[in-house]
Each structure stands twice: as structure tokens, then as C-alpha cells.
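Step one of this worksheet: look at the structure below.
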Protein chains: 2
Amino acid sequence: MADVAKVAGVSHQTVSRVLNDHPNVRAETRTRVLAAIDQLGYRRNLVARALVTRHSRTLGVVSFDTTLYGPASTVYGIEQAARDAGYFVSIVSLRTIDRAGVHDALEYLAEQGVDGIVVVAPQRSAARALADLPAGVPMVAVEGDHAGDVSVVSVDQVEGARLATEHLIGLGHETVWHVSGPSDWLEAEGRIAGWRGVLIAGGRPVPEILPGDWSPRSGYQAGQKLARMEEVTAVFVANDQMALGVLRAFAEAGVEVPGRVSVVGFDDVPESEFFSPPLTTVRQDFGAVGRNSIEILLRQIEAGQDLPHERLVVPPLFKVRASTAPVRR
Amino acid sequence: MADVAKVAGVSHQTVSRVLNDHPNVRAETRTRVLAAIDQLGYRRNLVARALVTRHSRTLGVVSFDTTLYGPASTVYGIEQAARDAGYFVSIVSLRTIDRAGVHDALEYLAEQGVDGIVVVAPQRSAARALADLPAGVPMVAVEGDHAGDVSVVSVDQVEGARLATEHLIGLGHETVWHVSGPSDWLEAEGRIAGWRGVLIAGGRPVPEILPGDWSPRSGYQAGQKLARMEEVTAVFVANDQMALGVLRAFAEAGVEVPGRVSVVGFDDVPESEFFSPPLTTVRQDFGAVGRNSIEILLRQIEAGQDLPHERLVVPPLFKVRASTAPVRR
DNA sequence: GAGGAGACTGTGAGCGTTAACATCCCCCAG
DNA sequence: CTGGGGGATGTTAACGCTCACAGTCTCCTC
């Protein structure tokens, strides 16, 4: 910067002013400085700036397995929204979710001087780990526990499950079986709650849950069991990947979908429209989740974080395709 | 830091030494300092450290649409490897790939003071944009153009396509049709080259390519065309998502797989084992790609980047499942 | 008991930027 | 013609850390 100042024949402060679009710089001086910058190939040092301004313009994101469609889409949405707002994004992807892991990640980001943190905390254990967060750093949780002490943005899982289950009941099915996600996941719990709620409200029997782990394989195994049960006519599967496994198991066992059994998934992955048959499912607007979480976070950062915690719920969208049909009498 | 020093009754330098595990600190002093840190809830400021050491211990990653399985997995692998090596990862996900976008992203990261950059540049245009990279920042490209002026780590696409095509030829198919990826993508080109190479080497006719865009829908559309062509007995699809679309189109048209037509995909997404039928495909080891790229990058950073550029090719793995069978005479 | 080699600790400078304040100059109102 | 307001610029001091160097103290060797 000093070099640029020398070449342009001004002080380093004027160079700084040009770089920060300060109004009180003569047009001619500005041109001269810009020319010097160009000539020297000067690039400003954001680290030094962060040191004095105490703002890094970097946001931290803590997530779990960004290979999964849900987290990947959420993180993508967050990243886009952050960059649009002029912020960098520093990501920590956890391999396993445990309190220590989340805590370390948070501490790690806080040391790095991020201005705020978004935690994609879909597990109960992760949500709990937010309790001992680094003080002084604004934070928002995505898909987290709404009981905690932070702002939360999430898709309404209960509502999504309700839509799915009601759709199946509406088609005349006596009751609906459920292949769930892993028990620690908040999303899995929400989907169970929504499903169970509809059944109970309608006075329907509540079948035993078939537990899965989000993977197609676990769906496949659940599907094999369901295929052997004559009484099953409708299944609500907690995500599309497992639904694919269920469909596969049904296909192998000669169980027709939607002829004998109707199947509904959750997520609306891009593939689900091309499953056999195309899957009726619940779409989550991950882009909206990302945008909203960044919006709330930035508001907290600007306000100095003594804002009341917000709870924002994004509504899901139900997509009817070809894997559901009226019950066959 | 000064506060900690005061409480512990030492100089700020000694605090720094404790924080950096310097050997020459008396055990008792160390304990005292640690106690003071704990008492004050002190957290070191990595920004200030980066300013003086001129190393941020942050790596930049530029990628394209991290919602897609390939890029998501690659970025995940990179992030894991980087964190294991004690580095942060700052990510920029591009919405569109063009020279200006890549250039801006690179410049953006360089200003932020990253120690090195990994560019996931699967398109020809992105690879070209690396030409005007910010000088002085070590860089490695993943899935990039091997002709450029940077180190490149990639999966051997040509070999993968070769394996797929030879497998089909080996099953007695006269020739193999191909649903390709978008023309600008290097991976699409590599897969075309491998496929074409085998056909030409074997003196087989080379059918016209059906162009796709990686999406299941484009595969579905190609599948509809292929289903109408009596002479088609084998199809090599450039990724699993499109292969799903092809399978769907075939199912709708009553074309049996693998009875009448054999289908091979590429990527081995977790779902492909549960397609109908389970998909024969080519697996890419994204974890290895991530680890290797970080390894090369760190070597360049430590050496001061005047190392010769490296080219590392990760071999693909062929997975035979149930979507391919000997040709029916 | 002197000399010296370590081990341990402290002092001061400086990394590249912005904030705060000081200065200069021009122009206009009174 | 003069005072003052404000635009344009410069000067100085941080920001929180590490590096280089200078001590001080202890203990061992001859």
C-alpha cells in the first residue's frame, strides 16, 4: 500500500480511501491511485483490514456430511446468500456428530474470527452442543432444536409428514406404515410426529415404525419386510433415498407400486421424478432456508446480537407423482 | 493476550509461547498461563497471527454447483483432508461457470489471504480461466485441463469409459450408444473419448451421440429416443443420474433392461445400487481425489510453490451390477 | 570458582490496514 | 476583505500477534 502511495504520489491513507470508495477523493487523484494499483499489481490485504476493523466479513458454517442431498443443498443455499451479501464462507464438515466435535468446530471458527456462524444441526446431540457456544459470536441454527438459545430456521417437518400421511389417508388407505430416519435426527422425529399425529387424529391404528438410517440400503431392508406383510397398502418413507430402496425391494418381491402399495418419500431429490414409478414426495426449499438463515444472522451481526432469538419455519411443498393411488378394495 | 500475561504474571511473549507449544517454557509457568487463559476465557486471534506470519492456514476452494453429487463429494474430500492437515477451508460455489466468474472468485480468495487454492474446474471454460490466476498463490486444479499451467488431480475418465465400453463389447454387443454430458465439460469429453476409442479400436460403428446435461430429465429424453431404435442393444450413459432417466424411459416404453438393452452409468452414486435394475457403473474415488489434491497443494505451499507442476490421475473402479447382460441373438 | 552452555523469560519492533485527528486550501457569504 | 465551512489530503496511533534479540538464571565441567 505504501508502494502504491509512493507511485501515485499520495499518502497511504488516500489509497485506503480509494479502495473503500470514500467520497472525499478527487476524481483525478482516484484515477492516479487506480493506475498505480494496476501498474504494481497491488492486492489489498483483507487480513490486516480485519485486524483493525474487527470484522472479517467471513461467516462460519458447521455442517454434517455434505455429501447428503439435504445438507449439501442447505450449505449451497447458505453460501450463495452469504456471498451475495459480500461475505466469505468458511466451512467445517463434521464426520461424526457429537458434542465435542461441534464444540471444537465452533471454537475453531471463533478463533478464526468469523463474524457469525450458521450451524446445520439436524441431530439432537448437535443441537445440544450449541448450548456451550463461544460467547460473543452471533449464531443461527438450521434444522436445529427450537428449544435452544439460538435463532432457528427450519423446514416444517411435521407439516410435511402431515401432508404426506393425509394424502395417503385421503386415498382411502386404512393406515400408513412408516420407514423412519435415525432416531437422533430432529428431522426424523418431526416426520414421525407429523405422521403419527394424523393417524391418531383420524383414529387409525399406528403401525410399528421401521427404522432406517437415510441410506437406500436401509430402505431396501425395510421394503423387504413390508413386502412380506399382506396388510400394508401405504408407506410413508422419511426420505427419497430410502424410498428408492423400498421401491426396489417391492419390485423384486413383485409388489406393485402404486397398484398394491402406495409410497411417499421426502426431500424431492432431482432423481425422484424418474424413479419407477415417479415418486410422490415432499419438497423442501433449501434455498429459502439458506437465504433466511443468512438474513437473520446478518441482522444479528449488524445489531450487535442482542436481538431476541427468531424462529423461522419454511413451509414444505407436496408433490404428487405416480407412486400413490387410491386403495384397491 | 496482555491481560492473560498480567494475570499469569508473565510477559505476553510467554503466553504466545504456551499457545504455540514452544518447548522452552517451564511446566509450572505453562500451567499458570493456561489457568489464566481459562479464567479469562481468552481466545487467541488468528487474524492477528496471520498478519504477522503471513500464513492464514486457510485454503480456498472454488467449485461449481456443489449440489451435484460429484462436486459435493470432491469438496467434501478436500475439506476433510484440509482439516486433517490443520487448515481451514473457504468455499466459493459458482452458479455459472465463466471466465469472469472464476477469475473473480480467485481474486476474492487471494485478497482474503488464503495460503493456497483448489479449483474444481470440470469445464473447459473454467480450466481456461486458470490462465490468469493470481500470481503467488499456490494452486491445484481438480478435474481440470491437463494442458494448463497448474498441477492437476483427476479421475481417469477415459479409462472409466473404456472399461464401461469394453464390458459391453465383451458381452457380445455389436456397438454401444452413448448419452453424453454437456459439451463444455472435460469429464464429458473424456468419457466420449474413452468410449469412441474402444469402438474404433474394435472396428465397430460409432453411433451418433445423444447429448445430455447430467440431469435425469435429459437422460429420460435420450432414453425415449433410444427406446424407439430397434438396433440399440447397449448404452453407455455419462452419469448415473441420466442413466436413471434412461432406465425410466425404457421402463415406460417396455424396453427390458438388461434383457433387450444393457445400460452402464458413471459415478456410482449411493442410489445406483437400488435402481431398477441395479446399475452397472464406474466408481470414482472422490475421497482420494480430495486427499491427493490437498497433499500436492500443501507440498507446494511449504516449498514456496516453485515446484514442477504435477499431474495425478486416480484410477476408476468398474462395478458390475444387474443392468448389463450378454446380447440376445 | 570461573567459564560457558542451555533453559527460560522479557523487550521492542513491525506485519498492512483503518480510525481519528490535523492540516491545507478553496470558495462563498457577509 | 475576512471568517469560516467543508472538501481533499496527510500524520499518527492503534489492532493482537510473532520474530529477533537480549537478558537472567541454573547447573555442569575443568
Side-chain angles (χ1 to χ4, degrees), chain A residues 1-37 40-58 86 88 107-115 134 136-137, chain B residues 1-37 40-58 86 88 107-115 134 136-137:
Chain A
M1 194 157 182
D3 298 346
V4 173
K6 204 173 296 170
V7 170
V10 297
S11 75
H12 64 128
Q13 179 61 291
T14 299
V15 177
S16 170
R17 276 193 266 259
V18 170
L19 250 21
N20 293 296
D21 290 322
H22 189 96
N24 290 351
V25 177
R26 203 148 35 105
E28 192 252 332
T29 311
R30 186 183 303 273
T31 329
R32 205 142 37 90
V33 170
L34 257 18
I37 286 173
L40 265 42
Y42 164 80
R43 194 181 297 132
R44 66 183 159 181
N45 184 329
L46 259 26
V47 172
R49 177 215 281 238
L51 181 60
V52 40
T53 61
R54 315 165 131 266
H55 295 295
S56 60
R57 291 200 79 79
T58 295
F88 290 94
E107 201 60 40
Y108 195 57
L109 288 169
E111 281 191 343
Q112 200 200 14
V114 296
D115 293 343
V137 183
Chain B
M1 194 158 182
D3 297 346
V4 174
K6 206 172 295 170
V7 170
V10 296
S11 74
H12 63 124
Q13 178 62 313
T14 298
V15 178
S16 169
R17 276 193 267 259
V18 170
L19 250 21
N20 294 295
D21 290 321
H22 190 96
N24 291 350
V25 178
R26 205 149 32 108
E28 193 252 331
T29 311
R30 185 182 305 270
T31 328
R32 203 141 37 89
V33 171
L34 256 18
I37 287 175
L40 266 41
Y42 165 80
R43 193 181 297 131
R44 66 182 158 182
N45 184 328
L46 258 26
V47 171
R49 175 212 282 237
L51 182 60
V52 38
T53 62
R54 310 160 137 272
H55 295 294
S56 59
R57 290 200 81 80
T58 295
F88 291 94
E107 201 62 39
Y108 196 57
L109 289 169
E111 280 191 344
Q112 199 200 12
V114 295
D115 293 343
V137 183

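We name chains A, B, ... by the order of the sequence lines, and we start the count at 1 in each one.
A heavy-atom distance below 4.5 Å is found between the side chains of A:Ile37 and A:Leu19. Proximity of B:Asp21 to B:Arg30: side-chain heavy atoms (C-beta onward) are separated by under 4.5 Å at one or more points.
For the side-chain hydrogen bond (donor to acceptor under 3.5 Å, both in side chains) test, no residue two or more places apart in sequence or in another chain qualifies with B:Arg17. The side-chain contact (heavy atoms from CB on, under 4.5 Å) test applied to A:Thr58 returns A:Ser56, A:Phe88, A:Ser90, A:Val114, B:Gln112, not counting sequence neighbours. With sequence neighbours left out, the side-chain contact (heavy atoms from CB on, under 4.5 Å) criterion links A:Thr31 to no other residue. Residues forming a side-chain hydrogen bond (donor to acceptor under 3.5 Å, both in side chains) with A:Arg32 (at least two apart in sequence, or on another chain): A:Glu28. Judged as a side-chain contact (heavy atoms from CB on, under 4.5 Å), and not counting sequence neighbours, the contacts of A:Val7 are A:Ala36, A:Gln39, A:Leu40. A search for side-chain contact (heavy atoms from CB on, under 4.5 Å) contacts involving A:Arg54 returns nothing, not counting sequence neighbours.
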- request: At under 4.0 Å between heavy atoms, which parts of nucleotides 22-28 of chain C does protein reach? Answer with one letter per nucleotide, 5' to 3': B base, S sugar-phosphate only, - none.
  value: -------
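Salt bridge B:Arg43/A:Glu111: absent, no basic N to carboxylate O contact under 4.0 Å.
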Could you run down the sub-3.5 Å N/O contacts of the protein with nucleotides 23-28 of chain D?
none

Can you name the atoms? Protein N/O to nucleotides 12-16 of chain D N/O, anything below 3.5 Å, with the distance.
residue: D:dT12; atom: O4; partner: A:His12; partner atom: NE2; Å: 3.4
residue: D:dC15; atom: O3'; partner: A:Arg54; partner atom: NH2; Å: 3.2
residue: D:dG16; atom: OP1; partner: A:Arg54; partner atom: NH2; Å: 2.1
residue: D:dG16; atom: N2; partner: B:Ala48; partner atom: O; Å: 3.4

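No contact: A:Val47 has no heavy atom under 4.0 Å from any strand.
When rounded to the nearest whole Å, the span between NZ of A:Lys6 and P of D:dG10 equals 14 Å. Counting to the nearest Å, the C1' atom of C:dT17 and the CD atom of B:Glu111 are 13 Å from each other.
Residues A:Val33 and A:Val4 approach most closely at O-CG1, 4.2 Å, considering heavy atoms. Residues B:Gly86 and B:Arg57 come closest through the heavy atom pair O-NE, 3.2 Å.
Within residues 14-35 of chain B, the residues that have a heavy atom under 4.0 Å from DNA chain D are, in order of number, B:Ser16, B:Asn20.
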Please table the atom pairs, donor to acceptor, closer than 3.5 Å between any side-chain atom in residues 45-52 of chain B and protein atoms at least two apart or in another chain.
residue: B:Asn45; atom: OD1; partner: B:Val47; partner atom: N; Å: 2.8
residue: B:Asn45; atom: OD1; partner: B:Ala48; partner atom: N; Å: 3.0
residue: B:Arg49; atom: NH2; partner: B:Asn20; partner atom: OD1; Å: 3.0

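Note on the helix from C:dG1-D:dC30 to C:dG30-D:dC1: angle between the axes of the first and last five pairs equals 50°, rounded to 10 degrees.
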